[in-house]
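What follows is a set of notes on a single structure, which appears directly below.
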Amino acid sequence: MKTRYKNRRVKTFQNSIKLLSLFALINLIGCSDDDGCAYDSNTSSCTFSKTNTKLSGWSVATCYAGTASNPIGVIYDTSLNSSAVPGDDWGAILGPVFPISPKAIHPPSWTAANIGQVFGIAIDDSENIFLATSGIYNQSSGYNYDNGVKSATIYKSSSPSWSATPFISLPTSTGNFNDIGNIAYDKRNNQLFATNLENGIIYRITGLNGSLGTVVDVYDPWSQDPLPSAPGIVSQDEQVWGIGVNYEGGNTKVYFPRVTSVGAREIYSITLNNDGSFPVTASEVVEISAVPGTQNVISDFAFSSDTNEMLLSERGNPHASKVISYSRTSAWNFNKQYFVGANAGADGENSAGGVDFAYKELNGDISADCDDFFWASGNYMDASNISGKVYGLEGISYSGNNSSTAVSPTANKDTDLFIDLNGSYSTGDKLGIGDVEVFDANSCFIDICSQ
């Protein structure tokens with residue numbers, strides 16, 4: 001979803017590249033009747049539908065695959081969440097990554113042999129899932145299986161088969177970590193953004209309605225970087241990991257983090273041009289300074305459907321990575337930190353790096369309470385009804401939760417929802433949990449075409 005409605009019920013790249021960008025935007029094909037936002041091929045105007053789709057509220061999660069045949073992700077039906085028992089493993093009912101269940105979809109092509117390792121996820125308004133290859137699991141020694149599959153590739157997966165096919169590849173070289181940091185979808189302009197850790201560049205990609213995408217524009221924040229002289233990830237000061245899109249005061253803004261080698265922790269944004277293209281070089285501005293946390297990687301953003309709330313997640317040390325939120329009035333102000341998992345040294349700081357807003361379902365209305373809670377990917381999570389530790393997803397109230405050591409029944413192990421991705425409850429899954437993304441409930445969103 002990556003982009004809380006307070007009414008709960010209503011829900012210079014070369015000149016040729018710039019010309020190609022304009023041409024692509026003018027000729028974008030409108031989305032289907034189920035879509036939330038698209039460009040009309042005749043008027044080039046954004047149109048927004050408040051209608052939910054058949055998959056609204058479902059979730060996609062990624063994970064590390066240890067062998068060629070192992071899965072890199074799963075699609076869960078998390079829409080009817082009033083049936084989920086807090087403090088239990090909902091995944092045992094939905095169906096973990098390996099067993100088959102009618103409440104989960106396990107696309108046969110979603111394996112390391114076919115795709116490679118995957119972290120980042122984006123979902124467009126036509127309900128296509130985009131999966132981005134990643135070297136992020138190399139943060140753990142031994143988690144380095146890639147099967148020789150081409151890196152820095154985004155795969156597209158569409159219903160009903162959900163077969164994953166190559167959509168676009170970004171420049172890369174051999175080496176560790178130098179892959180895609182994350183990806184994000186822009187509802188207003190029907191386009192993707194991807195961060196490339198090989199060169200610190202953000203890519204703008206169109207053609208989402210087709211089988212192959214096109215890079216129409218790039219933006220290099222802070223400085224212009226050629227491919228590094230040695231294969232591998234660009235220097236710490238130039239790394240862009242997470243990325244998100246928000247709509248503010250009629251503008252489309254792209255957000256991304258910077259964690260420098262001297263400890264500066266900031267969130268930047270750029271404001272897109274009216275046609276959805278990147279602004280001129282050096283247009284980035286600091287939105288948030290002194291972001292709490294200790295890890296070098298801020299891996300994911302999520303924005304609420306009223307555009308006024310932001311979630312951030314870290315990844316790195318599996319027991320010292322935070323999930324935090326900010327609220328926006330005239331500027332972004334720190335809201336709170338959440339408890340992800342148990343006390344493993346730093347209480348509740350077990351983020352695996354993925355986060356997204358979700359919807360509280362009531363009596364079959366999947367968006368009865370918009371952005372009431374969110375899913376965070378995590379390690380070492382206590383669930384009161386489970387013996388062992390949950391590694392997968394934790395459903396957390398946006399208003400906040402308590403430490404797992406709090407008095408029962410107020411601890412997060414009693415109040416939160418949990419999904420273990422493989423049903424093993426084993427610490428051997430540490431650092432093998434990836435990202436999470438939720439299919440939008442458009443009834444919750446403000447009219448982003450007028451924002």
Side-chain angles (χ1 to χ4, degrees), residues 1-4 59-64 73 118-122 132 134 136-137 139-140 180-184 195 197 239-246 255-259 265-268 287-288 291-304 309-327 332 334-341 344 346-358 371 373-381 390-398 400-401 412 416-419 421 430-438:
M1 180 175 86
K2 304 300 185 232
T3 172
R4 176 172 161 136
S59 301
V60 182
T62 54
C63 60
Y64 169 75
V118 169
F119 179 79
I121 313 162
S134 176
I136 201 167
Y137 302 109
Q139 287 179 317
S140 173
I180 297 171
N182 213 326
I183 53 179
T195 62
L197 293 164
Q239 292 174 20
V240 185
W241 285 85
I243 190 164
V245 181
N246 201 34
Y255 283 76
F256 48 93
R258 189 185 198 190
V259 180
R265 300 173 58 84
E266 298 168 321
I267 302 300
Y268 285 77
E287 294 277 354
I288 303 172
V291 177
T294 58
Q295 304 305 298
N296 290 338
V297 177
I298 298 174
S299 52
D300 206 11
F301 288 83
F303 290 95
S304 61
E309 311 294 330
M310 175 200 295
L311 287 162
L312 295 174
S313 56
E314 289 185 297
R315 184 180 174 98
N317 184 328
H319 306 308
S321 297
K322 303 178 190 291
V323 170
I324 60 176
S325 64
Y326 286 82
S327 297
W332 290 103
F334 181 77
N335 183 22
K336 63 184 59 189
Q337 180 181 336
Y338 300 89
F339 290 90
V340 180
D347 194 7
E349 297 185 5
N350 303 290
S351 168
V355 69
D356 201 8
F357 281 100
D371 302 327
F373 77 106
F374 64 90
W375 290 109
S377 62
N379 304 280
Y380 203 77
M381 297 181 287
V390 174
Y391 286 78
L393 306 180
E394 184 172 345
I396 302 170
S397 171
Y398 185 73
N401 66 345
N412 67 348
D416 293 355
L417 304 181
F418 297 93
I419 299 175
L421 289 194
K430 181 189 299 186
L431 284 172
I433 307 302
D435 199 3
V436 60
E437 189 81 6
V438 178

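The shortest non-hydrogen separation linking I243 to F301 is N-CD1, 3.6 Å. Residues D416 and G395 come closest through the heavy atom pair CB-O, 3.3 Å. Contact detail for V245 and A184: the closest heavy-atom pair is CG2-CB, 4.2 Å. The two atoms that bring S299 and R315 nearest to each other are OG-CB, 3.8 Å, heavy atoms only. Minimum interatomic distance between S377 and G434 (heavy atoms only, all atoms of both residues): OG-O, 2.7 Å. Here the closest heavy-atom approach between residue S313 and residue S351 is recorded as CB-OG, 3.8 Å.
In this structure, CG in D347 is found 9.0 Å from CD in Q337, a value given to the nearest 0.5 Å. In this structure, CG on N317 lies 7.0 Å from OG1 on T294, to the nearest 0.5 angstrom. Remark: L417 CG to L393 CG distance equals 10.5 Å, nearest 0.5 Å. L421 contributes atom CG, which lies 15.0 Å from atom OH of Y64 (distance to the nearest 0.5 angstrom). Put simply, CZ on F339 and CE on M381 are 15.5 Å apart, with the number rounded to the nearest 0.5 Å. One finds the CH2 atom of W375 at 9.5 Å from the CD1 atom of I396 (value rounded to the nearest 0.5 Å).
Ring pair Y338/F374 is perpendicular by interplanar angle, where above 60° counts as perpendicular and below 30° as parallel.
Without hydrogens or angle criteria, D356 side chain to V438 main chain gives a donor-acceptor distance under 3.5 Å. The backbone N or O of D300 lies less than 3.5 Å from no partner atom in the side chain of N182, so there is not a single donor-acceptor pair. A donor-acceptor pair under 3.5 Å links the side-chain atoms of N412 to the main chain of G341, judged by distance alone. In this structure, R265 contributes its side chain and Q295 its backbone to a donor-acceptor pair below 3.5 Å. Looking at N379, its side chain does come within 3.5 Å of a backbone N or O of L431 through a donor-acceptor pair. Remark: side-chain polar atoms of E314 are paired, donor with acceptor, to backbone N or O of K322 under 3.5 angstrom. Between the side chain of T195 and the backbone N or O of V240 there is at least one donor-acceptor pair closer than 3.5 Å.
In the model, S327 has a side-chain atom that pairs as donor or acceptor with a side-chain atom of E309 under 3.5 Å.
Side-chain rings of F373 and Y398 stay apart, their centers remaining 6.0 Å or farther from each other.
The shortest side-chain heavy-atom distance between V291 and I324 falls under the 4.5 Å cut-off. Between Y255 and W332, the closest side-chain pair of non-hydrogen atoms falls below 4.5 Å. With contacts defined as side-chain heavy-atom distances shorter than 4.5 Å, the pair N296/Q239 does not qualify. Residues Y391 and Y380 are in side-chain contact: their nearest non-hydrogen atoms beyond the backbone lie under 4.5 Å apart.
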